Amino acid sequence: MASRAWDDLTGRNPLVGFIDLSLRGASQVFFQNNALTGFIILAAIFWGGHASGNLGVAYGAVVGLVVASFTAILLNSDRNALKQGLFGFNGVLVGAALPTFLAHRPLMWAYLILGAAVSTVATLAVTNVVKNWGVPGSTAPFVFTTWLLLLAAYSLAKIPVASMAPPTLPGAKFAAELHLSGSTLGSILAKNVSQVYLVENVVTGVLFVVAIAVSSLRSAAFALVGSMVGLLVAALFGASGVAINAGLYGFSAVLTAIAVGAVFNPPSFRVTIYAIVATVFTVIVQAALNTAMSPLGIPTLTFPYVLTMWFFLLPKADLAPPSHHQAIANGVLSRE
Amino acid sequence: MASRAWDDLTGRNPLVGFIDLSLRGASQVFFQNNALTGFIILAAIFWGGHASGNLGVAYGAVVGLVVASFTAILLNSDRNALKQGLFGFNGVLVGAALPTFLAHRPLMWAYLILGAAVSTVATLAVTNVVKNWGVPGSTAPFVFTTWLLLLAAYSLAKIPVASMAPPTLPGAKFAAELHLSGSTLGSILAKNVSQVYLVENVVTGVLFVVAIAVSSLRSAAFALVGSMVGLLVAALFGASGVAINAGLYGFSAVLTAIAVGAVFNPPSFRVTIYAIVATVFTVIVQAALNTAMSPLGIPTLTFPYVLTMWFFLLPKADLAPPSHHQAIANGVLSRE
Amino acid sequence: MASRAWDDLTGRNPLVGFIDLSLRGASQVFFQNNALTGFIILAAIFWGGHASGNLGVAYGAVVGLVVASFTAILLNSDRNALKQGLFGFNGVLVGAALPTFLAHRPLMWAYLILGAAVSTVATLAVTNVVKNWGVPGSTAPFVFTTWLLLLAAYSLAKIPVASMAPPTLPGAKFAAELHLSGSTLGSILAKNVSQVYLVENVVTGVLFVVAIAVSSLRSAAFALVGSMVGLLVAALFGASGVAINAGLYGFSAVLTAIAVGAVFNPPSFRVTIYAIVATVFTVIVQAALNTAMSPLGIPTLTFPYVLTMWFFLLPKADLAPPSHHQAIANGVLSRE
């Protein structure tokens, strides 16, 4: 079989091994560990970049992926995690994000390479911070690294901003309401998925679902559930029609649905209900962070997903808040 | 005795048991575990809502309490903590806060129910995060959940804001200074307590102190100390007279005084001094967060208390900062 | 020898002992444990204050140092850490920062004393929070305490702001570019070091380097490397020439270079490269936080250093992000 031959090759040829772990990294944004999934995803990103005339996003994704994975090798990172692509998926997102929001000058590409390398450092840092809480860091390293790089651009004359909403105080002005038809419905559902990689393209979104399904039907199903719930809830509460149409209210919902419903909990009816509640709340968090980021002029990236995922995965069985009826232990004043 | 009969009933009748743990939840905002205290508090909230013509706050508090407690049951939460009301007190505050700041439409009530349910998830999440630091999560889950819900309202056309100060950059314009007389003094001292539940009402504040005293005289005494220190320090540093008059510089001070002075440390003279310093600092933190929240247009809620309480309870006996004279252990580059 | 005689005296005379640990505290900002280093640093701060006509900064530094150290004694803090000055170095910075940014009224000095005392509480709090992550809290307690005190000043009429950039939305307007000559080059390299203590003075910067070299040549060398890298990277990316000239793009870079390159990692070629990458990234973080703090009207203080230092010291050998292919342990829904 093709798959077996590929596995043999990755073990023998270091270059093929590196390509394999990079492709797996591209698939890990959607919580998959599958080189074919990663390959389809990268192809879909190139399609989206070609269609929008911004192939820089696709090149950036590849550069970010390679730099982040290579940095992990330089840092002697855990080989098993490395081979699964777990050090690459934050880099691919850093690499897709910077050419989306910043002007494509040579210095921006140096900036991107630095950022992708730091995303691997950040992955190790976040892993250390959250390790005792029993939750994944997921795309938090991408978010923190990219926020810093985008905020800095406002202070750096040689790294011009290309397309971010300028800093503005939140207000009560709302964009036009959403007008749904059959075709816009399908378009939004696909874009909700494609925007996970900062691409607004229907074909890309469809290919992403196919790529996920190649690796896990359950994950693909929850991606669709997340996309639908995201659209419904955003429309129900009157979120900006422009943002909904662009898929910007759905991509975090898609990730929450897969993470909480299909990956980090064992399948059950209660888990499905819990995942849907988490997905609904993700839309609220998306709206909240849209407000909160507004004075800073930077996008939320996938932080609505990260925050909601942490809210809903941090609860563990047998946790009890401390009683309010006894002094806490070993306080600084307990030693006279 | 009435108390014994009630205890018997709560054990036998599930509905009475649920009412009991809900009432205890209402009392836990003030660190008490007492159904009668909770009953008086709810009655005082209804009085305040009736007096101000905004009974929605009182209904919201009850709905939030019930939803949060019921969510804890659905999540099979720790029974002992559940019976003490430790899963209800964040919900009651979410339920009081939303009708204070948002317009009372049917969709707001769905929003409130979602928020109250999430407050229980957030309680479990925060409990996990802080468990190794030996401090309580206290009302942090209420603050985080409600901040998200209020921020989101600025981005959601169907959840209109009713009464929050609009987003504005902090400036050097100060409200009129405070003019104290005997009657305003008593009024502020009571409102400093009533504002813990977002109610601005003298009778409510007095009833709250009575309710606390029913359960713990020491806690009631520190509530009064906190209220007085809050007023004095805010006046000394020239905080806004309008805000001081409304009790908005005192409610976090009240909570800090009770938490640090009466609940989470064993009683001693040094603890009392420490609690007073913490209460003084709470007023600074209140002023600081008023500034920091200003561009976002949302209230601080009880976060000045939460932050100060963490500052003053995180220190433990025998803690030492790491020496600056040796490499830290197991760094990523220690593995060649 | 003088050093031996001094050590004898510190053991016998409590006042001399207190002076010794305070001087060591002044040296700990630069990660040194050396009374002579601390003495030279304080002298250099007085020189800078005298030269700029703002001796309040120097007096504030001394008051902050004494109050913070004394508070640590009152709290029975770990004696070994106390003797190394590890409870004083955040206080000295609080004491230097407030007279830099706030008007010098009597009430400000009460405010400063409160802040310096709280900096010790904050040091213990931060130590508790980070202890399981194997990283130092470093100057984070100074940053958090001072941010709160400065933010509060915007809400407190009796604590007037003297010299902070007023709150403003980040924009795409950039200050004049940097024009380097031989003399400005040397001036910037020295000010990059002096600004660690909020002093803009060439002689002070040179004396700081001498003071560090008295205790550790390696630390002094990395201070110079950090200063140079900070200048180069800020110029390369087009940071504000005014800020670069004042040393404001270099002081965090200096601290990162010493911390990552000379103190918290064992010396090696790989560590040196890692430290340089961290120092480069510190400049990006400085630019990012300049943007992020802009709507609040407060300075970044040393937080660009703290954040970058945490990014680069949190990674540990053998850390692996959790696999995305199995449910995480003990989730709240795992108990039916």
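Every value quoted in this text rests on a predicted model; they were computed, and no experiment measured them. Labels below follow one simple rule: chain letters A, B, ... track the order of the sequence lines, proteins then strands, and each chain is numbered from 1.
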Portion of [X] that has a non-hydrogen atom of chain B nearer than 4.5 angstrom:
X: V161(C); value: neither
X: A125(C); value: both
X: L86(C); value: both
X: F312(C); value: neither
X: Q84(C); value: side chain
X: F89(C); value: side chain
X: P166(C); value: neither

Do [X] and [Y] have side chains that approach each other closer than 4.5 Å (heavy atoms only, starting at C-beta)?
X: K316(B); Y: N128(C); value: yes
X: L75(C); Y: P315(B); value: no
X: F87(C); Y: P321(B); value: yes

Hey, could you give me the [atom1]/[atom2] distance between [X] and [Y], rounded to the nearest 0.5 Å?
X: L333(C); Y: N76(B); atom1: CG; atom2: CG; answer: 8.5 Å
X: N132(B); Y: K131(C); atom1: CG; atom2: NZ; answer: 7.0 Å
X: R270(B); Y: L74(C); atom1: CZ; atom2: CG; answer: 7.5 Å
X: L156(C); Y: I284(B); atom1: CG; atom2: CD1; answer: 6.0 Å
X: L150(C); Y: T291(B); atom1: CG; atom2: OG1; answer: 10.5 Å
X: T308(B); Y: L148(C); atom1: OG1; atom2: CG; answer: 8.0 Å

Within the distance-only criterion (no hydrogens, no angle test), does the side chain of D78(C) pair as donor or acceptor with the backbone N or O of L319(B) below 3.5 angstrom?
->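 No, the answer is negative, given that no donor and acceptor are paired below the 3.5 Å cut-off.
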
Relative to chain C, which of L236(B), L313(B), V283(B) shows the most heavy atom pairs under 4.5 Å?
->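 The residue among L236(B), L313(B), V283(B) with the greatest pair count is L236(B).
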
Given the side-chain rings of F144(C) and F311(B), with only the six-membered ring counted for Trp, is the space between their centroids under 6.0 Å?
-> no

When you look at L124(C) and L314(B), which way does the side-chain contact (heavy atoms from CB on, under 4.5 Å) test go after all the steps?
-> CA-CA 7 Å; L124(C) 289 163; L314(B) 279 166; over 6 Å; no

Please lay out, stage by stage, how V121(C) and F281(B) fare under the test side-chain contact (heavy atoms from CB on, under 4.5 Å).
-> CA-CA 11 Å; V121(C) 174; F281(B) 194 65; over 6 Å; no

